[in-house]
Amino acid sequence: MSITKTNNILPASFYLRTDVVQCAKDLLGKTIRTNIEGQITEGIIVETEAYRGPDDRGCHAYNHRMTPRTKTMYLPGGHAYVYICYGMHPMMNVVTSLEGDAHAVLIRAIKPITGHDIMVQRRCMDKMSPTITNGPGKLAIALGIEKSLDACELNDSSPIIILDGGEIQEDNIYCGPRVGMTKHVGDCAHRPWRFYIKDNPWVSKPLVVDYTGKW
DNA sequence: ATAATGATTCGCT
DNA sequence: GCGAATCATTATG
């Protein structure tokens, strides 16, 4: 994997696109950086999932559901949607599309590139290992992302930003069913909206190699 | 006010 | 591979 990182923040136009599935693919290879009280950590996004309210049963905003939690998803693209899962795990999502259109991309795994020591400490590990950020809850902890950052905008003065970088070749993107959709009936459960970089050791789960970028 | 659920993780077998 | 941990969030009364 040769991924280039720039120091350019992704422009608002990246997030304001109306195709959240495409945004999820395009976020692969980008760099997420947090600055939490001066502690800088960065990682390359290697796995994502698309959630598309209102027609997606797997999405919190399915059927236009509006609650105190989900209202963040209705913000315009370029905001963070952070919520707590299983009562303890923070999940980092990027809101996309236009205001009122509840689409978001869950970041499921990153490859650490800056601030390894800080991440190891936050994860209470004694050394770097692939398990440090290979899951949505894990990477959020490693990056210091907490629920209090919910609804914050991803601009140059935000504690969370995403930097542009080289695009991943289509041939190097695999897709498959999203994780945790088993109970959802209908074809929503089978929509291959989980994306990951092929053969990347930092993804959360081994490949479910049924697809190669086609659906 | 109460009960059910979960876009997970970790430890143990 | 399996099950517990643990509580925010939601729906319902």
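Residue numbers begin at 1 in each chain, while the letters A, B, ... track the order of the sequences. Given the structure is predicted, the values throughout are model-derived calculations rather than measurements.
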Do A/Asp26 and A/Gln22 have side-chain N/O donor and acceptor atoms under 3.5 Å apart?
yes
Can you list the steps and then say if A/Ser97 with A/Thr18 is a side-chain hydrogen bond (donor to acceptor under 3.5 Å, both in side chains)?
CA-CA 4 Å; A/Ser97 194; A/Thr18 56; 5.4 Å; no
With a 4.0 Å cut-off on N to O distance, would you call A/Asp19 and A/Lys25 a salt bridge?
no
Whole-Å distance, A/Met91 CE to B/dT9 C1', equals 9 Å
Show the numbers, then the answer: is there a side chain to side chain contact (heavy atoms under 4.5 Å, CB included) between A/Val82 and A/Asn93?
CA-CA 6 Å; A/Val82 184; A/Asn93 299 252; over 6 Å; no
Would you please indicate if the ring centroids of A/Tyr83 and A/His60 are separated by under 6.0 Å?
yes
For A/Glu47 and B/dA7, give me the distance from atom CD to atom C1', rounded to whole Å.
11 Å
Nearest-Å distance, CZ (A/Arg69) to P (B/dG6)?
11 Å
Taking for each residue the nucleotide of DNA chain B bearing the nearest heavy atom, is the 5' side occupied by A/Arg123 or by A/Val105?
A/Val105
Could you pull out the closest heavy-atom pair between A/Pro159 and A/Leu149, with the gap in Å?
CG-CD2, 3.6 Å
Treating a pair as Watson-Crick (purine N1 to pyrimidine N3 plus N6-O4 or O6-N4) or G-U wobble (N1-O2 and O6-N3) with both distances under 3.5 Å, list the stems of 3 or more consecutive pairs that involve DNA chain B.
B:1-6 with C:7-12, B:8-12 with C:1-5
What I want to find out is whether A/Arg108 reaches A/Glu49 closely enough, with some N-O distance under 4.0 Å, to be called a salt bridge.
yes
Atom-pair distance (CG on A/Asn134; C1' on B/dC10), nearest Å
12 Å
Can you say whether a donor on the side chain of A/His60 sits under 3.5 Å from an acceptor on the base of B/dA7, or the other way round?
yes
Any luck finding a side-chain donor-acceptor pair between A/Glu153 and A/Ser158 under 3.5 Å?
no
Quick check for you: name the first and last nucleotides of DNA chain C, 5' to 3', having an atom under 4.0 Å from a heavy atom of chain A.
C/dA5 to C/dA11
Starting from P on B/dT5, measure out to CE on A/Met181 and report it in whole angstrom.
16 Å
Measure the distance from NZ on A/Lys138 to P on B/dA7 and round it to the nearest whole Å.
17 Å
Strictly below 4.0 Å, N to O, side chains only: are A/Asp171 and A/Lys198 in salt-bridge contact?
no
Please work out which residues in residues 72-84 of chain A have a non-hydrogen atom less than 4.0 Å from an atom of DNA chain B and list them by number.
A/Tyr83
Under-4.0 Å salt bridge between A/Arg178 and A/Asp56
yes
Separation of A/Asn93 atom CG from B/dA7 atom P, in whole Å?
11 Å
Between B/dA4 atom C1' and A/Tyr86 atom OH, what is the distance in whole Å?
13 Å
Hydrophobic clusters here meaning ILVMFWY residues chained together by side-chain heavy-atom distances under 4.5 Å, can you tell me if A/Ile162 and A/Leu75 are in one?
no
Does a side-chain N or O from A/Arg194 land closer than 4.0 Å to OP1 or OP2 of B/dA7, or not?
no
